[in-house]
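For reference, the structure discussed in these notes is given below.
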Amino acid sequence: MDTIITRVNCPCCGSKDIRKVLVCKDYTVSAELFEVWECTYCTIRFTQDVPDQDSIAPYYQSDTYISHTDNQEKFINKIYKLAQNYTMNWKLNLVKASIGKGLPKGSLLDIGAGTGAFLNKASLSGWTVTGLEPNEGARQICRKKYNLSLQEAEKIVELSDESFDIVTMWHVLEHVHQLHENMSNIKRVLKSSGRVLIALPNYTSKDGKDYGAYWAAYDVPRHLYHFSPLAISKLAGQHNMEIESIHPMWLDAFYIALLSENYKSGKPKPVAAFLSGLKSNVNALKNKSACSSLVFVMRHKN
């Protein structure tokens, strides 16, 4: 029997001042409805009544769940792959800039490595890489395509203290059931001079507000949490870490809008999606923290 998690307090800060704000549909797998709640204090949103860690796997069983597959047949998947390839160099440059000029290459841990595209790129660029991925199918693809062996996600507890210069999570933290345990382990394995790069959707973006329950980045129930910049800052602070810098992921607004338009109207609307993504990004030019997706660079507090 599946075990359902019903929260009576905030998964980030523990506050009991929480309330329902949306009801979202799982457009990817089940067509089920899930409530999204918000904490008044830290502003994190979270999906209520989600399957626990041992029960959620069926909600990832879809060829359209791109991060765990290598399917390039559908139009949206092709767009995703093009954007993914374009952003690889950007990600690596951001990693290098975050660690500073003194260490152009070092040890990198990618948590939630998917099918290993970024990890392979980092390895080819001279980084000593380690990857963690909970999905066995994704691990097999990575092994076959890149000859890289990913470890199971729970192996993070076996990694040595202060062993990585860089830890990356590209749209992964919103999926993990053990939020604080993961943050604690990330801090533990990070060198004192190291940096953590966490990419997350931002529900406070213009496209997040405009699409509401149709916003594709809610991705219930796979996305357990829905972060604002304030929420991730408070989470970092609880683990004696701090946000050093925030970087917009401009392309994400277009991809998310492409999916959201489809959810809203029942058919692809690429022109409307492009205009929506463009409006969101133009809005974020005044405040980059309002971008549809953001990369937060964290470090140990001094």
Side-chain angles (χ1 to χ4, degrees), residues 10-12 19-28 34-47 66-67 76 79-80 83-84 86-87 90-91 94 169-175 197-236 243-265 268-298:
C10 172
C12 177
R19 61 188 179 92
K20 182 175 75 172
V21 291
L22 290 171
V23 177
C24 297
K25 182 178 179 179
D26 173 13
Y27 290 94
T28 304
F34 292 86
E35 295 179 355
V36 173
W37 286 50
E38 182 179 316
C39 173
T40 301
Y41 174 67
C42 75
T43 74
I44 196 173
R45 290 184 175 181
F46 57 94
T47 307
I66 303 163
S67 69
I76 288 179
I79 295 295
Y80 177 90
Q84 182 189 56
Y86 178 81
T87 57
W90 179 83
K91 287 179 178 179
L94 183 58
M169 297 183 82
W170 305 111
H171 290 288
V172 170
L173 188 63
E174 61 268 38
H175 293 266
L197 282 73
I198 299 180
L200 294 166
N202 173 23
Y203 79 79
T204 68
S205 63
K206 180 170 176 53
D207 54 300
K209 294 175 180 177
D210 287 349
Y211 284 115
Y214 295 107
W215 192 51
Y218 279 119
D219 197 23
V220 295
R222 290 160 295 277
H223 287 192
L224 309 177
Y225 323 102
H226 318 285
F227 289 93
S228 65
L230 175 61
I232 192 66
S233 178
K234 287 187 176 294
L235 178 65
I243 307 295
E244 182 177 59
S245 58
I246 300 175
H247 304 268
M249 301 186 78
W250 300 110
L251 289 182
D252 280 26
F254 298 104
Y255 176 67
I256 292 171
L258 195 63
L259 291 173
S260 301
E261 286 289 342
N262 199 5
Y263 296 166
K264 188 175 181 179
S265 64
K269 287 192 172 182
V271 175
F274 175 79
L275 292 175
S276 176
L278 183 62
K279 289 177 183 177
S280 184
N281 282 342
V282 169
N283 179 73
L285 288 174
K286 296 174 288 186
N287 175 16
K288 291 182 179 180
S289 293
C291 194
S292 187
S293 288
L294 298 166
V295 178
F296 298 89
V297 178
M298 302 180 188

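These numbers come from a predicted model, not from an experiment.
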Applying side chain to side chain contact (heavy atoms under 4.5 Å, CB included) between Y203 and each of K209, E38, H223, report the one that passes. E38
Do [X] and [Y] have side chains that get closer than 4.5 Å, going by heavy atoms?
X	Y	result
C24	F34	no
P201	D252	no
Y225	P11	yes
C291	N202	no
L294	F227	no
P268	L258	no

Would E174 and D219 count as a side-chain contact (heavy atoms from CB on, under 4.5 Å) if you check the C-alpha gap in whole Å, the side-chain angles of each, and the deciding distance to 0.1 Å? CA-CA 10 Å; E174 61 268 38; D219 197 23; over 6 Å; no
Which of these, Y218, Y27, Y214, sits in a ring-ring contact (aromatic ring centres under 6.0 Å, His included) with Y263? Y27
So that I can tick it off, tell me whether K279 and D207 are bridged by a salt bridge, with the cut-off set at under 4.0 angstrom between side-chain N and carboxylate O. no
Go through M298 and I198 one step at a time and tell me if the side-chain contact (heavy atoms from CB on, under 4.5 Å) criterion holds. CA-CA 8 Å; M298 302 180 188; I198 299 180; 3.7 Å; yes
Roughly how far apart are [X] [atom1] and [Y] [atom2], rounded to 0.5 Å?
X	Y	atom1	atom2	answer
K206	N287	NZ	CG	14.0 Å
S205	D210	OG	CG	8.5 Å
Y255	L259	OH	CG	4.5 Å
L230	I44	CG	CD1	10.5 Å

Dump the intermediate steps for side-chain contact (heavy atoms from CB on, under 4.5 Å) on T47 and R222, then the final yes or no. CA-CA 9 Å; T47 307; R222 290 160 295 277; over 6 Å; no
Heavy atoms only: give me the nearest C39-C42 pair and the separation to one decimal. SG-N, 3.5 Å
Looking only at heavy atoms, which two atoms of D26 and P221 are closest? And how far apart? OD2-CD, 3.9 Å
According to side chain to side chain contact (heavy atoms under 4.5 Å, CB included), who are the partners of K91, at least two apart in sequence or on a separate chain? T87, F118, W170, M249
Donor-acceptor side-chain pairing of Y211 and S276 below 3.5 angstrom: yes
Verify the distance criterion only: is there a donor paired with an acceptor across the side chains of S280 and S292 at less than 3.5 Å? no
Worked check of side-chain contact (heavy atoms from CB on, under 4.5 Å) between F296 and L200: CA-CA 8 Å; F296 298 89; L200 294 166; 4.2 Å; yes
May I ask you to decide if I256's main-chain N or O and S260's side chain share a donor-acceptor pair within less than 3.5 Å? yes
